[in-house]
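Since the structure comes first, as structure tokens, the remarks are kept for the end.
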Amino acid sequence: MDFVNIEKKWNEKWEKDNLYKFDPTRLDKKYYLLEMFSYPSGANLHLGHWWNFGLSDSFGRFKRLKGFNVFQPMGFDAFGLPAENYALKTGIHPEDSTRYNIEVMERQLREMGATFNWDYELVTCNPDYYKWTQWLFVQLYKKGLAYQKEAPVNFCPKCNTIIANEQVVNGLCERCDSEVQHKNMRQWFFKITDYADELLAGLDKLDWPEKTKALQRNWIGKSVGAEVDFYTEDGLKLTVFTSRADTLYGVSFLVIAPENKLTEKLIKPEQEKVVREYIENAAKKDEIERTSTTTPKTGVFTGSYVINPLTGDKVPVFVADYVIASYATGIVMGVAAHDERDFDFAKKYNLQIKRVVNDANGNEVELPFTDYGKLCNSEEFDGMTSAQAKEKIVEKLIALGKGRFKTNYRLRDWSVARQRYWGCPIPMIHCPKCGTVPVPEKDLPVMLPHATDYKPDGEGPLGKCEEFINTTCPVCGGKARREADTMDTFVDSSFYMLRYPEAQHNDNEIFSRDYINKIGPVDCYVGGVEHATGHLLYSRFISKFLRDIGMLDFDEPFQRLIHQGMILGNDGRKMSKRNGAKNADDYVREFGSDALRLHMMFSLKYIEGGPWSDDGVKHMKSFMERVERICLKWATLEGDSAPETKAEKDLEFVLNKTIKDYEESFETFSFNVAVARLMELVNAMYKYDTVENKNIALCKKTLKDLVILFAPAAPHFAEELWQQIGEEYSVHNQSYPACDESKIVLDTIEIAVQVNSKIVSRTNIATSWTNEQVLENVKADEKVAALIAGKTIVKEIVVPGRIVNLIVR
RNA sequence: GCUGGUGUGGCGGAAUGGCAGACGCACGGGACUUAAAAUCCCGAGUUCGAAAGGACGUAUGGGUUCGACUCCCAUCACCAGCACCA
């Protein structure tokens with residue numbers, strides 16, 4: 001078979017016939033399958049694209065065979081920095097290069113012959129898409145969830161923009177590896193923190209990899225504890241957050257972050273010089289230096305003391321740069337006896353290490369933190385666990401009015417503004433009279449101008465575009481300026497899965513409430529794990545928000561999530577030209593895409609990925625030829641003798657077992673096992689082929705089922721073979737073959753026989769036998785009889801169809 | 001440090017607590033061929049043995065069980081994420 005040319009032929013025919021058209025009226029058995037859409041990079045489709053799109057396309061095809069009305073749209077995440085950086089290098093406008101790249105990539109994706117529903121294509125840089133990105137912004141603004149504040153932000157000096165926490169990797173910009181600077185700027189945020197608890201709780205019911213759920217839990221970082229108010233002699237309140245309120249009796253010192261507003265008020269004149277010097281130094285250090293676990297904690301005494309609300313102890317207050325100003329209250333209590341690093345800190349600055357406190361009688365008492373009775377010098381704490389002690393102590397604080405239960409989250413609000421050109425304009429207007437007001441919905445979209453000066457200047461290049469920036473205030477009609485920033489591209493992608501079903505309509509709504517609730521949420525979402533704390537979290541947040549404003553009945557956009565593993569170079573490192581990276585096209589042209597697809601399915605676990613080795617591609621071609629030979633031979637067999645032979649039953653067994661196992665393997669994305677099952681069936685066919693007097697009807701059925709089973713894994717090959725064996729177009733409109741359970745129950749099977757849990761023999765038994773009959777037969781076995789002779793059988797275990805174990809003494 | 005994951009032949013990898021290593025690669029052998037390729041068939045965890053057969057085997061050490069790759073506890077190694085988060 002000429003694999004390369006038949007692919008072209010069928011791709012064209014399928015596309016012409018619109019074979020995989022999604023039927024929006026038949027939603028009772030819909031299946032919404034989605035791969036994370038890609039950034040139009042303009043490069044040729046590489047192996048990673050095939051790995052992602054090709055194999056999940058096979059999954060979609062499988063679902064179609066199973067009778068599902070599969071919705072599998074495709075689009076492009078088209079705004080973003082790469083196009084702009086490319087523009088700065090080449091002078092080609094981001095819009096032009098992006099349009100061109102989309103054209104190239106779309107053509108290649110279509111050439112894959114995949115079942116994507118191109119008639120629902122979305123491109124995030126199209127005004128009819130970003131109209132809804134802006135609409136979303138306005139809705140969030142109206143609910144107080146989009147807001148501006150002056151805040152320390154991550155600023156990438158090379159990209160000249162603010163980036164989100166999620167885009168900072170080890171203090172470096174994830175795109176260009178520049179060291180990220182920390183600036184105070186007035187910025188737009190989405191209040192994702194309002195949903196922290198719900199985002200956490202919602203994870204439990206999702207069919208997602210445990211790993212990904214853990215990543216999100218970790219990222220949200222819920223910490224249940226308490227706030228404790230300490231007062232200085234001057235009556236200044238310092239509130240600390242602690243998850244270990246039970247150690248309150250052992251507080252040796254308090255530490256405040258240099259940036260905390262209260263720090264100023266704590267500095268006593270005699271300490272002024274050293275403290276200022278310290279703060280100045282701290283400001284120079286970057287976050288990594290400050291928060292590295294390897295560098296010892298340093299700090300400086302402010303000169304102030306506070307009173308421990310429970311013990312009345314006088315506790316010194318330090319400034320230290322390891323305390324993070326933005327987490328919780330930015331003030332921490334140090335318990336030297338409990339925490340190793342607090343211990344080191346206390347020793348370094350000669351602070352009292354409160355292993356001992358004075359009890360009511362003035363005697364010194366040891367402070368083990370498990371002995372709460374003694375610790376608190378009160379019988380009411382006797383024998384308490386840490387958790388019980390925590391609760392009791394906080395209750396005492398509440399009674400004193402000096403503390404409360406408190407939960408903190410590591411999650412910060414989502415910084416969404418970018419000082420870049422190639423993004424969705426933020427639909428806000430700054431009016432000198434009315435302040436900041438949203439663009440009225442009827443005026444959306446705010447069009448991104450085809451600017452000529454898109455060079456980033458740290459303030460938003462749109463600010464230099466006069467015809468864009470100058471506008472009138474929608475409230476008072478006076479002169480006003482538009483917001484010059486654009487949105488993070490993760491805003492674009494946070495709702496695309498909800499917009500897809502409506503991609504064909506440019507209505508007055510982002511989507512029809514009725515329709516989205518029937519077709520959504522996404523049943524299965526396929527994409528990389530690298531989006532665990534970014535895109536996947538943002539999308540969940542936006543879904544919950546849309547639910548809250550009455551747009552959605554569901555609040556989790558992705559029911560099931562599959563991460564494909566990464567294909568690595570042959571040296572196990574990220575793929576590059578040096579370690580064997582090739583364009584997928586090189587293989588497609590030589591062996592055909594089906595051979596490539598089969599090899600990818602078979603050679604690595606989809607979910608784990610691994611180093612790429614291409615030896616197998618040619619073997620898959622051989623395998624397909626082997627399949628073709630037997631199929632074409634069997635297709636021409638004539639007559640219909642039906643001998644009841646063992647060989648025939650063996651083949652029937654393998655066929656039906658394959659039908660069953662293949663399905664299971666596909667459902668769990670275990671494509672490697674699925675292909676192995678196909679090979680087993682083919683081997684069984686060859687074995688049966690040696691039989692002289694064949695059951696022709698069985699051969700024909702096997703052959704037909706085999707070709708259908710191949711349809712998801714090797715779509716062009718299966719279609720061609722389907723035609724060649726004389727079946728009616730198209731194999732992709734067939735139903736998945738039914739497994740005849742009666743054929744996978746054999747009359748006789750071989751089971752293992754154990755004596756004292758050790759295999760001593762194998763014997764054939766009839767499956768119709770009762771356990772008693774099986775035992776009787778097993779005991780009659782020569783070897784077994786010899787072993788049990790003269791001994792007492794203590795226990796007889798029969799696992800039907802598996803094993804017999806006789807315990808003798 | 002915390003969280004999650006992984007650990008099975010030379011390699012990729014199979015195994016609802018029930019015959020470990022399916023399927024394939026590489027390897028060896030045979031058939032066909034003048035020969036090679038292709039194809040078809042057979043073999044193969046390691047080790048002792050001529051063979052029959054035996055011993056040892058799923059990172060390590062324990063445990064539960066008639067029986068553990070699978071469940072539990074501890075340890076080690078590697079991968080990933082978070083990390084003076086109080």
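Labels below follow one simple rule: chain letters A, B, ... track the order of the sequence lines, proteins then strands, and each chain is numbered from 1.
Rounded to whole Å, the separation between the C1' atoms of B/G81 and B/C73 comes to 26 Å. Taking atom C1' on both nucleotides, B/A15 is separated from B/G63 by 24 Å, rounded to a whole Å. A distance of about 10 Å separates the C1' atoms of B/G57 and B/U8, rounded to the whole Å. Comparing B/G43 with B/G21, their P atoms are spaced 14 Å from each other, to the whole Å. B/G24 and B/A44 have their C1' atoms separated by 14 Å, given to the nearest Å. Comparing B/U34 with B/G28, their P atoms are spaced 24 Å from each other, to the whole Å. A gap of 16 Å separates the P atoms of B/C41 and B/A26, to the nearest Å. The same atom, P, is picked in B/G9 and in B/U47; the two are 14 Å apart, to the nearest Å.
In this model, the phosphate group of B/A86 is approached by a side-chain N or O of A/S223 to a distance below 4.0 Å at OP1 or OP2. In this structure, A/H599 does not reach the B/G24 phosphate: none of its side-chain N or O atoms is under 4.0 Å from OP1 or OP2. For B/A86, the OP1/OP2 oxygens have a side-chain nitrogen or oxygen of A/Y327 closer than 4.0 Å. The side chain of A/K618 places no N or O atom within less than 4.0 Å of a non-bridging phosphate oxygen (OP1 or OP2) of B/A38. Remark: A/N218 is not in phosphate contact with B/G4, judged by side-chain N or O atoms under 4.0 Å from OP1 or OP2. One finds a side-chain N or O of A/K605 lying less than 4.0 angstrom from the OP1 or OP2 phosphate oxygen of B/A14. Contact annotation: A/K211 does not reach the phosphate of B/G5 (side-chain N/O to OP1 or OP2, under 4.0 Å). At the phosphate of B/C41, OP1 or OP2 sits under 4.0 Å from a side-chain N or O atom of A/R626.
With a cut-off of 3.5 Å on both Watson-Crick or G-U wobble distances, the partner of B/C25 is given as B/G10. Across the strands present, B/A68 finds no partner; the criterion is a Watson-Crick or G-U wobble pair with both atom distances under 3.5 angstrom. Searching all strands for a Watson-Crick or G-U wobble partner of B/C19 with both distances below 3.5 Å returns nothing. Judged by Watson-Crick or G-U wobble contacts below 3.5 Å, the nucleotide B/G61 has B/C73 as its partner. With a cut-off of 3.5 Å on both pairing distances, the Watson-Crick or G-U wobble partner of B/A55 is B/U46. The partner of B/C78 is B/G5, judged by Watson-Crick or G-U wobble contacts that both fall below 3.5 Å. Pairing partner, B/C40: B/G30, with both Watson-Crick or wobble hydrogen-bond distances short of 3.5 Å.
A/T212 comes within contact range of no nucleotide atom at all, as no heavy-atom separation falls under 4.0 Å. Counting any heavy atom pair closer than 4.0 Å across all strands shown, A/F623 reaches no nucleic acid atom. Counting any heavy atom pair closer than 4.0 Å across all strands shown, A/K213 reaches no nucleic acid atom. Among the heavy atoms of the strands lying under 4.0 Å from A/E750 is at least one base atom, whether or not backbone atoms are also near. Residue contacts for A/R629: at a heavy-atom cut-off of 4.0 Å it reaches the sugar-phosphate backbone alone, with no base atom in range. As judged by a 4.0 angstrom heavy-atom cut-off over every strand, A/D615 is placed among residues making no nucleic acid contact. Heavy atoms of A/Q754 sit under 4.0 angstrom from at least one base atom.
Between A/F671 and A/F602, the distance separating the two ring centers is not shorter than 6.0 angstrom. Between A/F591 and A/F3, the distance from one ring center to the other does not fall under 6.0 angstrom.
Each of B/C82, B/C84, B/C66 was ranked by its minimum atom distance to the side chain of A/K795; first place goes to B/C66. Side-chain proximity of A/R802 to B/C66, B/A86, B/C19: nearest is B/C19. Relative to the side chain of A/V799, the nucleotides B/G4, B/A86, B/G18 differ in distance, and B/G18 lies closest. In this structure, of B/G13, B/C19, B/A55, it is B/G13 that holds the atom nearest to the side chain of A/L604. Closest approach to the A/K297 side chain among B/C84, B/C23, B/G18 is made by B/C84 (side chain taken as heavy atoms from C-beta onward). Of all nucleotides listed (B/A86, B/G18, B/U39), B/G18 comes nearest to the side chain of A/I797. Side-chain proximity of A/I759 to the nucleotides B/A20, B/A14, B/C23 is greatest for B/A20. Taking the side chain of A/E210 as heavy atoms from C-beta on, and the options B/C85, B/G5, B/G13, the nearest nucleotide is B/G5. Distances were taken from every side-chain heavy atom of A/N683 (C-beta onward) to each of B/C19, B/C23, B/C66; the shortest belongs to B/C23. For A/S757, whose side chain is taken as the heavy atoms from C-beta onward, the closest listed nucleotide among B/G4, B/A86, B/C66 is B/C66.
The aromatic rings of A/F490 and A/Y538 sit tilted relative to each other, their planes meeting at an angle between 30° and 60°.
Rounded to whole Å, the distance from CD1 on A/I807 to C1' on B/G18 is 12 Å. For the pair A/I324 CD1 and B/C82 P, the interatomic distance rounds to 14 Å; values are reported in whole Å. Atom CD in A/E782 sits roughly 15 Å away from atom C1' in B/A52 (whole-Å rounding). Between the CZ atom of A/F671 and the C1' atom of B/G13 there is a distance of 16 Å, rounded to whole Å. Rounded to an integer number of Å, the gap from NZ of A/K783 to P of B/A52 is 12 Å. Distance CG (A/L536) to P (B/G81): 16 Å, rounded to an integer number of Å. Atom-to-atom, CZ of A/R341 to P of B/G1 comes out at 11 Å; the value is rounded to the nearest Å.
Where A/G610 and A/D342 each meet RNA chain B at their nearest nucleotide, the meeting point lying more 5' is that of A/G610. Between A/L215 and A/G330, the residue whose closest nucleotide on RNA chain B is further toward the 5' end is A/L215.
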### Message
Quick one, A/Y327 with A/N408, criterion side-chain hydrogen bond (donor to acceptor under 3.5 Å, both in side chains). Give me CA distance, side-chain angles, the key distance, then yes/no.
### Response
CA-CA 8 Å; A/Y327 181 74; A/N408 264 306; 5.0 Å; no
### Query
Can you list the steps and then say if A/Y688 with A/T702 is a side-chain hydrogen bond (donor to acceptor under 3.5 Å, both in side chains)?
CA-CA 11 Å; A/Y688 187 66; A/T702 306; over 6 Å; no
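Between A/K795 atom NZ and A/I807 atom CD1 the span is 7.5 Å, to the nearest 0.5 Å.
Annotation: cation-pi geometry satisfied between A/K297 and A/Y322 (NZ/CZ under 6.0 angstrom from ring centroid, within 45° of ring axis). Figure legend: A/R560 and A/W208 shown without cation-pi pairing, the cationic atom not lying both under 6.0 angstrom from the six-membered ring centre and within 45 degrees of its axis. Cation-pi check for A/R540 over A/F558 is not met; the charged atom does not lie both under 6.0 angstrom from the ring centroid and within 45 degrees of its normal.
Under the 4.0 Å criterion applied to side-chain N and carboxylate O atoms, A/R677 and A/E663 are not assigned as salt-bridge partners.
Taking 3.5 Å as the limit, the base of B/C85 and the side chain of A/R410 contain no donor-acceptor pair of atoms between them.
Anti is the conformation of B/G49, whose glycosidic angle sits further than 90° from 0.
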